[in-house]
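We number each residue from 1, following the sequence as shown.
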Amino acid sequence: MRNLAYATSWQLLALLLTASLPATQAQAFMPDDVYTSVCVVTGQGPENRIKGFADCLDKVLPRVSGNSRLTDGPLMGTAREHAADYIEEFTYRDRLAGRPIHDEQGTHDRPFDLTCRFRKERIDDLLERLGTRPWLAKRPVLEILLTVRRGDLSYQVTAESGRDLAMREAFTAASDLTGIDVVFPSEGKFQTGSTAGTIPLSGDLEWDESALGWVATWTLSDQQSGIGPHDVIWQVRGVSFDDAFRTALKGAAQILSVNGEPAGALVPVKQ
């Protein structure tokens with residue numbers, strides 16, 4: 001295992017740049033990309049690094065497999081304790097780069113992005129022992145057809161609107177967790193059908209005071225995703241829109257990787 005400190009490899013840099021591209025330029029994740037995950041740690045000391053390794057392991061397994069419902073038993077507990085054994089290399093990025101260190105603050109108190117690239121063969125073996133497998137197919141690009149409702153206000157999230165920036169950024173973060181890229185329709189094209197080369201994921205996001213949060217209902221089309229014999233619908237209630245979007249992409253990954261139905265399924269997968 002190599003600690004690359006601040007010298008990021010070209011492969012990791014390419015992954016991060018892809019994740020930051022505008023939606024219209026996004027390309028589908030390739031299989032090798034998904035063996036990398038990122039978490040936030042405080043400082044670069046060994047204690048927090050070990051915790052970070054375990055966190056990154058928890059993130060990379062569903063990212064590689066598409067399965068967000070992995071069994072959390074003794075096998076996973078042991079794997080977390082020895083997470084360093086699964087890592088090929090890791091890097092740090094100072095989240096406060098360019099800001100001076102305060103007198104009372106050392107580098108051990110600063111937040112860092114810890115990026116871990118995992119050993120493919122070790123992760124594949126662990127997934128097999130957990131009863132699943134890597135999702136090796138090229139990941140599809142999902143076009144997000146999202147309608148937002150709050151009180152009397154109703155609108156569609158589009159690629160250009162400044163109003164929708166926070167929601168698009170939240171979807172980008174969820175995209176990185178699942179290894180599935182997303183795009184949004186342009187203004188005026190919301191109802192004209194999905195963009196060529198994408199699979200439509202339709203969503204209805206409604207604020208519900210009684211649920212103390214958003215209620216999100218997601219539908220993955222059977223015709224273009226090939227899941228058949230009908231659309232799959234799932235829902236989450238009383239959450240932030242960040243959680244709603246994570247639920248959307250985790251559910252889509254669960255279905256498209258043929259790992260069964262998503263959490264909160266209203267119309268389940270029939271295979």
Side-chain angles (χ1 to χ4, degrees), residues 15 18-19 21 23-37 58-71 118 120 123-124 126-128 130-146 157 167-168 170-185 193-205 216-236 242-271:
L15 175 62
T18 300
L21 285 173
T24 55
Q25 299 179 36
Q27 297 180 353
F29 280 81
M30 298 299 291
D32 286 348
D33 294 339
V34 297
Y35 288 87
T36 299
S37 61
D58 282 335
K59 290 181 177 180
V60 84
L61 292 173
R63 183 172 155 90
V64 170
S65 65
N67 189 349
S68 296
R69 308 182 76 174
L70 296 171
T71 303
F118 287 83
K120 182 180 184 300
I123 292 299
D124 291 355
L126 178 57
L127 288 172
E128 183 178 357
L130 289 168
T132 189
R133 67 211 178 289
W135 181 17
L136 296 178
K138 184 177 180 179
R139 304 291 166 95
V141 176
L142 298 181
E143 183 170 39
I144 307 301
L145 305 177
L146 176 61
V157 174
M167 289 193 175
R168 292 197 302 269
F171 251 113
T172 297
S175 169
D176 192 54
L177 284 175
T178 57
I180 297 178
D181 265 320
V182 298
V183 296
F184 292 86
S194 62
T195 302
T198 67
I199 294 174
L201 174 61
S202 301
D204 188 273
L205 186 67
T217 306
W218 304 101
T219 302
L220 193 64
S221 167
D222 65 333
Q223 293 182 344
Q224 289 176 281
S225 65
I227 55 178
H230 52 61
D231 296 350
V232 180
I233 303 172
W234 64 104
Q235 187 180 82
V236 62
D242 299 83
D243 284 335
F245 301 161
R246 283 190 284 267
T247 297
L249 294 193
K250 286 181 178 180
Q254 193 81 20
I255 297 163
L256 295 169
S257 62
V258 197
N259 274 301
E261 66 186 45
L266 301 179
V267 178
V269 179
K270 290 185 179 180
Q271 298 172 338

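Using a 4.5 Å heavy-atom threshold, the side chains of L249 and W218 count as separate. Using a 4.5 Å cut-off on side-chain heavy atoms (C-beta onward), R63 and T178 make no contact. Looking at heavy atoms from C-beta onward, D243 lies in side-chain contact with R246 at the 4.5 angstrom threshold. Using a 4.5 Å cut-off on side-chain heavy atoms (C-beta onward), L220 and W234 make contact. At a threshold of 4.5 Å between non-hydrogen side-chain atoms, the residues E261 and R69 count as touching. Side-chain contact between D181 and R139 is absent, with no heavy atoms from C-beta onward closer than 4.5 Å. Under the 4.5 Å side-chain criterion, counting only non-hydrogen atoms from C-beta, W135 is in contact with I180.
Ring to ring, F245 and F171 are close: their centroids are under 6.0 angstrom apart.
Heavy-atom minimum distance, V60 versus V34: CG2-O, 3.4 Å. V232 and P262 get closest at one heavy-atom pair: CG1-CD, 4.2 Å. Minimum interatomic distance between V258 and R133 (heavy atoms only, all atoms of both residues): O-NH2, 3.4 Å. Between N67 and L70, the closest heavy-atom pair is O-CG, 3.5 Å. Listed here is the closest heavy atom pair of A216 and A244: CB-CB, 3.7 Å. Between I199 and P140 the shortest heavy-atom distance is CD1-CB, 3.8 Å.
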L61/I123 under side-chain contact (heavy atoms from CB on, under 4.5 Å): CA gap, chis, key distance, verdict: CA-CA 7 Å; L61 292 173; I123 292 299; 4.0 Å; yes

N259 and T132: CA distance, side-chain angles, deciding distance, side-chain contact (heavy atoms from CB on, under 4.5 Å) verdict: CA-CA 8 Å; N259 274 301; T132 189; 3.2 Å; yes

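A side chain to side chain contact (heavy atoms under 4.5 Å, CB included) with L142 is found for exactly one of V183, T198, L201, namely L201.
Of the possible donor and acceptor atoms, one in the side chain of Q254 sits under 3.5 Å from a partner among the backbone N and O of S68.
With rounding to the nearest 0.5 Å, the separation of CG in L177 from NZ in K250 is 6.5 Å.
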